[in-house]
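Have a look at the structure below, then the notes.
The figures here come from the full heavy-atom set of this structure, side chains too, leaving out hydrogens, waters and symmetry mates.
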Amino acid sequence: MSDDSPVNLTEKEYSVIDMLQSLGLPRTEATAIVCLKDCRELRSLHIELVSGLRQPEVSVAMRPLRDRGWVDERSEKKNKGKGRPVKYYQLTVPFPQIVKVLEDEFLRSNEEKINALKRLRELEILLNN
């Protein structure tokens, strides 16, 4: 995908977005990751056009991705010098690494829930004795 010719997301990419959401990522963040995963760098406008997200949604989605260290952002002033700078985004980690982090978080969360269920059963036994 080049930055000059936006193409709509494919059915496969929408499936990846759905799977990322099932692992706990908000839709906008999942969509941004999918847009960026096969590109060196994309303009915010390109992400908007490809994904159907609005500009504020792209900006809001990028903040937690930057906080996680998954996305880098740079700004470039427009040639005319008026208006907001153009934002460019790129993934700073490979997509499989993002999947691994989400997997680890999912497993840790489920392990905590399983341990809580075990403690509840133990407490129930103690309460009934």
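L120 places none of its side-chain heavy atoms less than 4.5 Å from the side chain of E124. Q21 has its side chain within reach of D18: a pair of non-hydrogen atoms, C-beta onward, lies under 4.5 Å apart. Between Q97 and W70 there is no side-chain heavy-atom pair separated by less than 4.5 Å. V60 has its side chain out of reach of T28: every pair of non-hydrogen atoms, C-beta onward, lies at least 4.5 Å apart. By the 4.5 Å heavy-atom criterion applied to side chains, T31 and L9 are counted as neighbours. Two residues are said to be in side-chain contact when any heavy atoms from C-beta on lie closer than 4.5 Å; K87 and S75 meet this criterion. Looking only at side-chain heavy atoms (C-beta outward), E105 and L102 come within less than 4.5 Å of each other. With a 4.5 Å cut-off on side-chain heavy atoms, V71 and L91 count as touching.
Taken to the nearest 0.5 Å, the CD1 atom of I33 stands 4.5 Å off from the CD1 atom of I98. Rounding to the nearest 0.5 Å places OG of S44 at 10.5 Å from CZ of R84. Interatomic distance, CD of E57 versus CD of E29, reported as 12.0 Å (0.5 Å rounding). A distance of 12.0 Å separates NE2 in H46 from CD in E41, rounded to the nearest 0.5 Å. How far CD of E13 is from CG of N8: 10.0 Å, rounded to the nearest 0.5 Å. Here the CG atom belonging to L53 is positioned 11.0 Å from the CD atom belonging to Q55, to the nearest 0.5 angstrom.
A salt bridge links D104 with K100: the distance from a Lys NZ or Arg NE/NH1/NH2 to an Asp or Glu carboxylate oxygen falls below 4.0 Å.
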TODO: Show the numbers, then the answer: is there a side chain to side chain donor-acceptor pair (under 3.5 Å) between E112 and S109?
DONE: CA-CA 5 Å; E112 291 169 5; S109 172; 5.3 Å; no

Open item on the list: Test side chain to side chain donor-acceptor pair (under 3.5 Å) on E11 and S15; report intermediate values, then the result.
Closed with: CA-CA 6 Å; E11 190 173 319; S15 294; 5.8 Å; no

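Residue-environment remark: NZ (K37) exceeds the threshold of 12 foreign heavy atoms within 6.0 Å. By the 6.0 Å contact criterion, CZ on R40 is open, its count of non-hydrogen atoms from other residues, nucleotides or ligands being 12 or less.
In the hydrophobic cluster analysis, where Ile, Leu, Val, Met, Phe, Trp and Tyr join through side-chain heavy atoms closer than 4.5 angstrom, L117 is grouped apart from F106.
In summary, of the residues considered (D72, L42, L65, I47), a side-chain contact (heavy atoms from CB on, under 4.5 Å) with Y89 occurs for I47 alone.
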